[in-house]
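Below, read A as the first sequence line, B as the second, and so on, with proteins coming before strands; counting in each chain starts at 1. Not measured: the values here are computed from a predicted model.
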2 protein chains.
Amino acid sequence: MTTTGTGEEPLSIGEVAERTGLSVHTLRFYEREGLLVGPVRRTSGGRRRYTAVDVDWLLICVKLRESGMPLSDLKRFAELVRQGPGNEAERLRLLDAHRQRVDTQIQALEECRSVIAWKVGVYAEHLARGEAGGLWDPRA
Amino acid sequence: MTTTGTGEEPLSIGEVAERTGLSVHTLRFYEREGLLVGPVRRTSGGRRRYTAVDVDWLLICVKLRESGMPLSDLKRFAELVRQGPGNEAERLRLLDAHRQRVDTQIQALEECRSVIAWKVGVYAEHLARGEAGGLWDPRA
DNA sequence: CTACGATCTAGAGCGAGGTCTAGATCAAGT
DNA sequence: ACTTGATCTAGACCTCGCTCTAGATCGTAG
């Protein structure tokens, strides 16, 4: 699953940026912040070489961020993984709490959507009844 | 719909804060930023008195913000309403564009949720199979 | 009249999450 | 060797959306 692309050759930061949708700046920033699971390998010349594992982790980060997980939680999660086996229960708690937040967020958004859709309907109907609609405005 | 409460008596900023969930600071901030549809009435002594219309507008603002509309768009929308009838088409465009963004966002969140749920499942299963699980870790 | 809490204005401060700059180095093409 | 473009580091800077402070005033309950 989560195939990263070209088999096994490590990728440059630019290539990873393309594949993850993060900017190279952000990739370096995330690394500095300790959001990665391990230190990224380097070439003899000092350039970063990302492995498929690195990229898979980043893709998960993207999903977690996209769904609103704060960097601090992401960092905590990365720390747990870095520590190795033994703390799976905590990792689970962290993820599950986030999942619940996402569910809540989806519900909230759906409510927003219906309010907005209703207002859109009001305007659409108004316009359909003719631009010339005289007595209208009721503050909305 | 959107009954605001006590019939018709204007409300103080504190009462509006309670009813909208915004802080009094934020209410003043929104006003300064031109996010309200009209200038808020004042008592002789200079205190704000919000009408039911003001509060209804604020409740809509809350929904739009909650669903991620930037303050700049909210401001634009307020300006359009302030200008009065004649620009309904633009109001509609603005709202409808936002509705689409909300839909996209919901879809994205649902995808995130399923990725997260999958990972939660992986951990849960691992833990169920016994804490003592020896060979495990695969970087996640 | 006195207290006390709520409100007022103007403006500073803050936390999150990047984003960009400068100046140097690396690596590949010609 | 030279040019070009990608990367490197450290650190400054930016936007967004509030949030808070100071110091004054209002208004209601004793």
Side-chain angles (χ1 to χ4, degrees), chain A residues 6 9-36 39-51 54-55 58-78 98 101 105 108 112, chain B residues 6 9-36 39-51 54-55 58-78 98 101 105 108 112:
Chain A
T6 337
E9 300 79 53
L11 303 171
S12 73
I13 195 169
E15 293 166 323
V16 174
E18 266 179 50
R19 279 163 180 73
T20 58
L22 299 168
S23 73
V24 297
H25 294 299
T26 300
L27 284 169
R28 293 193 278 247
F29 168 69
Y30 277 14
E31 186 176 345
R32 261 188 273 168
E33 294 293 296
L35 267 43
L36 303 193
V40 177
R41 303 280 186 92
R42 303 294 184 114
T43 64
S44 54
R47 271 80 211 279
R48 294 172 176 81
R49 311 265 71 195
Y50 294 82
T51 66
D54 293 327
V55 177
L58 281 166
L59 290 172
I60 297 216
C61 288
V62 166
K63 284 297 173 200
L64 293 174
R65 285 289 306 128
E66 213 178 296
S67 51
M69 182 183 280
L71 293 188
S72 55
D73 286 15
L74 208 38
K75 181 172 183 175
R76 178 79 189 124
F77 191 30
H98 182 60
R101 266 176 273 132
Q105 208 186 331
C112 294
Chain B
T6 338
E9 302 79 53
L11 302 170
S12 73
I13 195 170
E15 292 165 325
V16 173
E18 266 180 50
R19 279 162 180 73
T20 58
L22 299 168
S23 72
V24 296
H25 294 300
T26 301
L27 285 168
R28 292 193 279 246
F29 167 69
Y30 277 13
E31 186 176 344
R32 261 190 272 168
E33 292 295 294
L35 267 43
L36 302 194
V40 178
R41 304 281 184 93
R42 304 293 184 116
T43 64
S44 53
R47 270 80 210 278
R48 293 172 178 82
R49 311 266 70 195
Y50 293 83
T51 66
D54 293 328
V55 176
L58 281 166
L59 289 171
I60 296 215
C61 288
V62 167
K63 284 297 174 199
L64 293 173
R65 285 289 306 128
E66 212 179 298
S67 51
M69 181 182 281
L71 294 188
S72 55
D73 286 14
L74 207 38
K75 181 172 182 176
R76 177 78 189 124
F77 190 30
H98 182 60
R101 266 176 274 131
Q105 208 186 332
C112 294

State which residues pass side-chain contact (heavy atoms from CB on, under 4.5 Å) with A:Glu33; sequence neighbours excluded, sorted by chain then number. A:Phe29, A:Leu35
Nearest-angstrom distance from the residue atom CD of B:Glu66 to P of D:dG17: 15 Å
Using the side-chain contact (heavy atoms from CB on, under 4.5 Å) criterion, which residues pair with A:Arg42? Sequence neighbours excluded. A:Glu31, A:Arg48
Across all chains, not counting sequence neighbours, the side chain to side chain donor-acceptor pair (under 3.5 Å) partners of B:Thr26 are B:Ser23
Map B:Arg48 and A:Pro70 onto DNA chain C by nearest heavy atom, then report which one ends up closer to the 5' terminus. B:Arg48
Which is true for A:Ser72 with a 4.0 Å heavy-atom rule: it touches a base, it touches only sugar-phosphate, or it touches nothing? nothing
Once side-chain contact (heavy atoms from CB on, under 4.5 Å) is applied, do any residues pair with B:Val24, and if so which ones, sequence neighbours excluded? B:Ile13, B:Ala17, B:Arg28
For residues 65-74 of chain B, which residue pairs qualify under side chain to side chain donor-acceptor pair (under 3.5 Å), counting only residues two or more places apart or in two chains? B:Ser67-B:His98
Do you know the tightest heavy-atom contact between A:Leu22 and A:Leu27? CD1-CD2, 3.9 Å
Rounded to the Å, how far apart are A:Glu15 CD and D:dG5 C1'? 14 Å
I need the A:Tyr30 OH to A:Thr20 OG1 distance, nearest 0.5 Å. 9.0 Å
Along DNA chain C, first and last positions that approach a heavy atom of chain B under 4.0 Å: C:dA6 to C:dG11
How many whole angstroms separate atom CZ of B:Arg28 from atom C1' of D:dC20? 11 Å
Non-neighbouring partners of B:Glu15 that pass side chain to side chain donor-acceptor pair (under 3.5 Å), sequence neighbours left out: B:Ser12
Distance, rounded to the nearest Å, where A:Arg42 contributes CZ and D:dA6 contributes C1': 14 Å
Has B:Tyr30 got a side-chain N or O lying under 4.0 Å from the OP1 or OP2 atom of D:dC18? yes
To the nearest Å, how far apart are B:Arg32 CZ and D:dC20 P? 14 Å
Find every protein N or O atom lying less than 3.5 Å from an N or O atom of nucleotides 25-29 of chain D, and list the pairs.
| unit_1 | atom_1 | unit_2 | atom_2 | d |
| --- | --- | --- | --- | --- |
| D:dT25 | O2 | B:Arg47 | NH2 | 3.0 |
| D:dC26 | O4' | B:Arg47 | NH2 | 3.2 |
| D:dG27 | OP1 | B:Thr43 | OG1 | 3.4 |

Whole angstrom is fine here: how far is it from CD1 in A:Ile13 over to C1' in D:dG5? 15 Å
Locate the shortest heavy-atom distance separating B:Leu59 from B:Arg19; write the atom from each residue and the value. CD2-O, 3.8 Å
Remember a base hit wins even if backbone is also touched, and classify A:Arg49 as base, sugar-phosphate or nothing at under 4.0 Å, heavy atoms. nothing
For a quick check of understanding: with a heavy-atom distance under 4.0 Å over all strands, which category does A:Arg65 fall into, base, sugar-phosphate or nothing? sugar-phosphate
